[in-house]
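Each remark here refers to the structure printed beneath this line.
Here is how names work: the chains are called A, B, and so on, in the same order as the sequence lines, proteins then strands, and each is numbered from 1. Keep in mind the model is a prediction, meaning the values are calculated, not measured.
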Number of protein chains: 2
Amino acid sequence: MNSNKYRKIYQDLSGKIINGEYKEGAQLPSENLLVQSYGVSRETVRKALSLLQTNGYIQKLKGKGSIVIYNQAMNFPVSQLISFEEIKHSLNMDYNTVVESFETVRAKDHKSVQEALNLGDDTELYRVVRSRRDKERVNIIDTDYFIKSMMPGLNEEIAQHSIYDYIEKRLGLLISYSKKAITFEPMTDDDLELFKETMPPYAAVVRSVVHLEDASAFQYNVSKHRASEFKFVDFSRRTIRK
Amino acid sequence: MNSNKYRKIYQDLSGKIINGEYKEGAQLPSENLLVQSYGVSRETVRKALSLLQTNGYIQKLKGKGSIVIYNQAMNFPVSQLISFEEIKHSLNMDYNTVVESFETVRAKDHKSVQEALNLGDDTELYRVVRSRRDKERVNIIDTDYFIKSMMPGLNEEIAQHSIYDYIEKRLGLLISYSKKAITFEPMTDDDLELFKETMPPYAAVVRSVVHLEDASAFQYNVSKHRASEFKFVDFSRRTIRK
DNA sequence: GAGTGGTCTAGACCACTAA
DNA sequence: TAGTGGTCTAGACCACTCG
């Protein structure tokens, strides 16, 4: 359906990098060759390559070419906006999601959420608490707040699978960007109960405000991780200097 | 010296957003207006706007315009590749840097560094340990490893100020991107001594491998933060779907 | 000098939003 | 319908790398 030429090129090349067809350190075909093989203009090829560079797949070298810098080990909870289901899937992890709580609350009773999503006092929210566990224990506790009126038909069943899938495929909403903050905090009593452990008493906490394509804030997420298991991997580029 | 048109537009607009001339929620002039006021082609304006969007300053809305989503509160240790001196400067922080150690070591004695930078056994490295303290106490301990042969003239004096400044201005090297990982770990005895505290015995640890414009890895950094003071703020966009 | 990526242009056509 | 951003093109000129 989506027939953007540059996206197809991006998909094609990033796919070949991920599956190892182009390995780390390898050189991509030159822009001119790509122009020929895809039958598009140079600017279109360059758009795809820019995206690959922005997302940490390649580095473009003036006068030389584009080389692959993507590295399999990096591909963990990367600093990208992906859902837990997607991470699980891409890593073949054997995690189990349990919906611990699914309730309707009012914005005024959750001030940080109200502020972040810019809501009136009586706006109704879904508050969904989900634990993520492997065979042995709970490693992550996700608490999500959604604006109820934006999420018709959301239920526990859906929450147990992928809410993002429901949002994008069924509601047709486009998730666009998020602002997140990572901190390390002592566990609360509730946390200790869910994690079923008293040590270590610290959790890595990721708070995110997720926005749609039209820039409206629609989700507030608090993701608590067993601190000893937490690893956040990030790729960042130097901003424009001077 | 650098007369890229799109960079100037980016600088100009991001500056106006940061200093509040365009506030959060405000609309930027349309692309056509920017074309006229800057006297450039539309693609050039669009390049600048794309950069602003990628870096979390604006969101472009089809059929409507570009609105500012940048938010002052976000502007903390952002997920950008900036040096401590730059953060300090942009936040007007009163931090003090002390060089705790400045020595030459061999790669083979620091395996994780050797592997990350892809070095031979006997490659010489500078190992620089710096503490960052406010009036009361040490909050950050930075340990950096640089390839000695790439850093002629690096000394303690420079380390006390900004090594990045030295690298970019004096050596003329272009820092390009980094891969970093954030974890939560027990403090070592050395850490406890520098932090001068026995509680909390945990530190937030950020390990980075920094690369130059030509994709060569040249710096390995371990930055330990007092966990209670640690906050990592991130902006991320949804990757291309499907 | 041949090949590479970086910047910039002028213009086209499209899809979306709003009044 | 007028205005907005999204995609794509063909071509120009430049700076850089390498043999």
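Taking every side-chain heavy atom of E43(A) into account, dT9(D) is the closest of dC16(D), dG5(D), dT9(D). Listed candidates were dG6(C), dG5(D), dC8(C). Nearest to the side chain of Y6(B) is dC8(C). Taking every side-chain heavy atom of N4(B) into account, dT7(C) is the closest of dC16(D), dT4(C), dT7(C). Checking dC8(C), dG5(C), dT17(D) against the side-chain heavy atoms of S41(B) singles out dC8(C) as nearest.
Atom CD of Q27(A) is separated from atom C1' of dT17(D) by 11 Å (rounded to the nearest Å). Distance CG (L51(B)) to P (dC8(C)): 12 Å, rounded to an integer number of Å. In this structure, the CZ atom of R42(A) is 12 Å from the C1' atom of dA10(D), given to the nearest Å. In this structure, R46(A) atom CZ and dT9(C) atom C1' are separated by 14 Å, rounded to whole Å. The CG-P distance, from L49(A) to dG5(C), rounds to 8 Å in whole Å. The interatomic distance linking N32(A) (CG) with dG6(C) (P) rounds to 12 Å, in whole Å. Atom-to-atom, CG of L34(A) to C1' of dT4(C) comes out at 12 Å; the value is rounded to the nearest Å. Computed from coordinates, the K60(A) NZ to dA15(D) P distance equals 18 Å when rounded to whole Å.
Residues T44(A) and K64(A) both approach DNA chain D. Their nearest nucleotides, taken by heavy-atom distance, put T44(A) toward the 5′ side.
The two atoms that bring T97(A) and A159(A) nearest to each other are CG2-O, 4.5 Å, heavy atoms only.
The side chain of K47(B) places an N or O atom within less than 4.0 Å of a non-bridging phosphate oxygen (OP1 or OP2) of dT7(C). Contact between the side-chain N/O atoms of K62(B) and the OP1/OP2 oxygens of dC14(C) is not found at any separation under 4.0 Å.
The aromatic ring centroids of Y70(A) and Y57(A) lie less than 6.0 Å from each other.
Checked for salt-bridge contact, D12(B) and K16(B) meet the test: a charged N lies under 4.0 Å from a carboxylate O. Using a cut-off of 4.0 Å between Lys/Arg side-chain N and Asp/Glu carboxylate O, E31(A) and K60(A) are scored as salt-bridged. For the pair R127(B) and D144(B), the salt-bridge criterion is not met [side-chain N within less than 4.0 Å of a carboxylate O].
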